[in-house]
Enquirer: 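One structure, as structure tokens, below. Some questions next.
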Amino acid sequence: MYKTCVIGAGAAGLIAGIEASSHRSDVIMIDKNKKAGMKLYATGNGRCNLANMHMAFSCYYGNAFAAEILGKNPADTVIDYMNKLGIDCYQKNGYVYPRSNQASSVVWALLDRLKENGVKLKVGTEVSRIAKKNGYYAVYDRDGIEICTAENIILATGGYSAPKLGAASEPVSCSIYDGLGIKYTEASPALCPMICDPASGEAADMTEISGIRSNAQVTVKLGSGEAYSEEGEVQFTDYGLSGIVVFDLSYYDDIKTVKVDTLYEVDKESFVEAFDNVKKSCPGRTVLGFLNGYINDKLAGFILGRVMGIDAKMKLAETTEGFAEELYKAISSLSFRFTARYGYEHSQVTKGGILCDEIDPQTMQIKDKKGLYAIGEAVDVCGRCGGYNLMWAFLSGMLAGRTASQQADDK
């Protein structure tokens, strides 16, 4: 019999295990993977973007539950916690990293503290069912064999993104939730590329601009008519669009179209004036040559040929009155038809999970289910790119672990 059993040894689970065992050693942690912290090792391209100094309501897409738990300065809490583990941190443009720039530093420090606290770590074991038994929780593996019993269960089952890194199995997680009577919402990949094709001109083939990166204002329009915009670097691919700005916008449901404006920092009047001036001073220059002063030449050729149906080699002297305005409009309103998000294998996090309304924000305990907690990506909380999801995992794990430890001490 254990006081606390943590299901999942990812970022949230590791922190929860440390806090749950802070005053007693009868804590067990179970993970399906061969080693703990599999996805954490790969976070931030291996650099481990621990947190972000900028905190606003929009960082979690207006999720009031997440805001209540995280507070105004969650990054300071994460930095302080890491410092106590011997991880020195630094920040660059608000992004917080371990000084070593190695995610392994964080994983090793967490595992060392778990070992120091006497936590039993059982890896390579997938939990398939949890049930109440004689007033306690019984945990079973995929063969139906009882692994352990515990007074408290912390569900740190994680999401379904990056399956190659040992992500949770959606059917198994949902089966566990159903067996415990926990309400959850349908999951889907988030923070990922978008599969789409040009909304005008010759459709589909974007091979010629695949790999091109450009600063842009990207706007998604939903079926409801709502529109959301972000500014940053976008990458064109053979299947659609990628880049952090696209990842952040992929969160929204029912996306119909995506507009990419690579001239958002240039007003139409300035563009037209420049076009007219060059047309007068160098009439033999091609339209493609002029556009290359503003955007990538391959992207310019794509817009001219595929979207506008114009020969890129056309001379400025051959253009008609009003052509510059049409050119500006085509570039600033480059539209794509949205098809789908690019799947769990290409997503950073999972949208959906255990409903926030089901959880007490003061403890992370599931309401009306004493001793049962949910944290991290198992909960329907999604943050933007830049350390927000890892920050949520750490702080929700801290809260649940400390509460479970306190409840154990009170008995």
Enquirer: Dump the intermediate steps for side-chain contact (heavy atoms from CB on, under 4.5 Å) on Ile303 and Ile310, then the final yes or no.
Expert: CA-CA 9 Å; Ile303 294 173; Ile310 294 172; over 6 Å; no
Enquirer: Rounded at 0.5 Å granularity, tell me how far NZ in Lys268 sits from CG in Leu263.
Expert: 12.5 Å
Enquirer: Would you say the side-chain atoms of Lys256 pair up with the backbone N or O of Gly225, donor to acceptor, closer than 3.5 Å?
Expert: no
Enquirer: Given Tyr228 and Glu226, is the side chain to side chain donor-acceptor pair (under 3.5 Å) satisfied, shown in steps?
Expert: CA-CA 7 Å; Tyr228 297 90; Glu226 294 179 280; 3.2 Å; yes
Enquirer: Under the 3.5 angstrom rule, does the side chain of Asp238 hit a backbone N or O of Thr207 as a donor-acceptor pair?
Expert: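 Side chain of Asp238 to backbone of Thr207, a donor-acceptor pair under 3.5 Å: no, none is there.
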Enquirer: Within 45° of the ring axis of Tyr251 and under 6.0 Å from its six-membered ring centre, is that where the NZ or CZ of Lys351 lies?
Expert: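 Checked: cation-pi criterion met.
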Enquirer: Examine distances only and state if a side-chain atom of Ser22 and a backbone atom of Glu19 form a donor-acceptor pair shorter than 3.5 Å.
Expert: yes
Enquirer: Looking at Gly383, is its backbone amide N or carbonyl O close enough to the side chain of Asn389 to form a donor-acceptor pair, meaning the two atoms are under 3.5 Å apart?
Expert: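 Here the side-chain-to-backbone pair exists.
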Enquirer: Are Ser175 and Asp178 close enough, and set up right, to give a side chain to side chain donor-acceptor pair (under 3.5 Å), and what steps lead you there?
Expert: CA-CA 5 Å; Ser175 178; Asp178 288 335; over 6 Å; no
Enquirer: Work out which heavy atom in Leu14 is nearest to a heavy atom in Gly37; give both atom names and the distance.
Expert: CD1-CA, 4.3 Å
Enquirer: Tell me, please, whether Tyr137 has Lys132 positioned over its six-membered ring: NZ or CZ under 6.0 Å from the ring centre and within 45 degrees of its axis?
Expert: yes
Enquirer: I need the minimum non-hydrogen distance between Cys48 and Leu390, along with the two atoms involved.
Expert: SG-CD2, 4.0 Å
Enquirer: Using a 3.5 Å distance criterion without hydrogens, assess whether the side chain of Arg113 forms a donor-acceptor pair with backbone atoms of Leu85.
Expert: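 Judged by distance alone, no pair lies under 3.5 Å.
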Enquirer: Given 3.5 Å as the limit, does a donor-acceptor pair link the side chain of Asn117 with the main chain of Ile18, or not?
Expert: yes
Enquirer: Using every non-hydrogen atom in the two residues, find where Met391 and Met55 come nearest and quote the distance to one decimal.
Expert: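 The answer is CE-SD, 4.4 Å.
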Enquirer: Checking salt bridge (Lys or Arg N to Asp or Glu O under 4.0 Å) for the pair Glu208/Arg306: CA distance, chi angles, key distance, verdict?
Expert: CA-CA 10 Å; Glu208 64 190 272; Arg306 295 276 183 176; 3.0 Å; yes
Enquirer: Is there a donor-acceptor pair under 3.5 Å between the side chain of Ser405 and the backbone N or O of Gly401?
Expert: no
Enquirer: So, Tyr294 versus Phe271, ring centres under 6.0 angstrom or not?
Expert: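 Yes - the distance between ring centres of Tyr294 and Phe271 falls below the 6.0 Å cut-off.
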Enquirer: Determine, using ring centers only, whether Phe65 and Tyr60 are less than 6.0 Å apart.
Expert: no
Enquirer: Are Asp253 and Arg341 ion-paired here, with the side-chain N under 4.0 Å from a carboxylate O?
Expert: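 Result for this pair is yes, salt bridge flagged.
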Enquirer: Is the Lys NZ or Arg CZ of Lys221 less than 6.0 Å from the centre of Phe338's six-membered ring, within 45° of the axis?
Expert: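 No.
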Enquirer: Looking only at heavy atoms, what is the nearest atom pair of Val246 and Leu241, with distance?
Expert: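 It is CG1-O, 3.6 Å.
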Enquirer: Does atom CZ (Arg142) have a neighbourhood of more than 12 heavy atoms from anything else shown, all under 6.0 Å?
Expert: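 12 or below, so no.
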Enquirer: Check this for me: Lys115, atom NZ, are more than 12 non-hydrogen atoms of other residues, nucleotides or ligands nearer than 6.0 Å?
Expert: no
Enquirer: Would you say the side-chain atoms of Asp311 pair up with the backbone N or O of Lys313, donor to acceptor, closer than 3.5 Å?
Expert: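 Judged by distance alone, yes, a pair lies under 3.5 Å.
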Enquirer: Between Glu230 and Arg384, is a salt bridge (Lys or Arg N to Asp or Glu O under 4.0 Å) present by the stated rule, with each step listed?
Expert: CA-CA 11 Å; Glu230 298 279 348; Arg384 296 178 181 275; 2.6 Å; yes
Enquirer: Distance from Leu191 atom CG to Leu249 atom CG, nearest 0.5 Å?
Expert: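 If I round to the nearest 0.5 Å, the distance is 10.5 Å.
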Enquirer: Please report whether the ring centroid of Phe394 lies less than 6.0 Å from that of Tyr81.
Expert: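 No, too far apart.
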Enquirer: For side chain to side chain donor-acceptor pair (under 3.5 Å), just list the numbers for Ser229 and Thr219, CA-CA rounded to whole Å, side-chain angles, deciding distance to a tenth of an Å, and then say yes or no.
Expert: CA-CA 4 Å; Ser229 298; Thr219 302; 2.7 Å; yes
Enquirer: Are Arg213 and Phe236 in a cation-pi contact, defined as NZ or CZ under 6.0 Å from the six-membered ring centre and within 45° of the axis?
Expert: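 Arg213 over Phe236 ring: no.
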Enquirer: Please answer whether the main-chain N or O of Gly397 pairs with a side-chain N or O of Arg402 as donor and acceptor at a distance below 3.5 Å.
Expert: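 No, the answer is negative, given that no donor and acceptor are paired below the 3.5 Å cut-off.
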Enquirer: Short question: side chain of Asp261, backbone of Tyr264 - any donor-acceptor pair under 3.5 Å?
Expert: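 Yes; at least one donor-acceptor contact below 3.5 Å.
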Enquirer: Begin from the C-alpha positions of Tyr160 and Ser169 and carry the test side chain to side chain donor-acceptor pair (under 3.5 Å) through to its verdict.
Expert: CA-CA 6 Å; Tyr160 317 123; Ser169 165; over 6 Å; no
Enquirer: Is the positively charged end of Arg47 above the ring of Tyr97, judged by distance under 6.0 angstrom from the centroid and angle within 45° of the axis?
Expert: yes
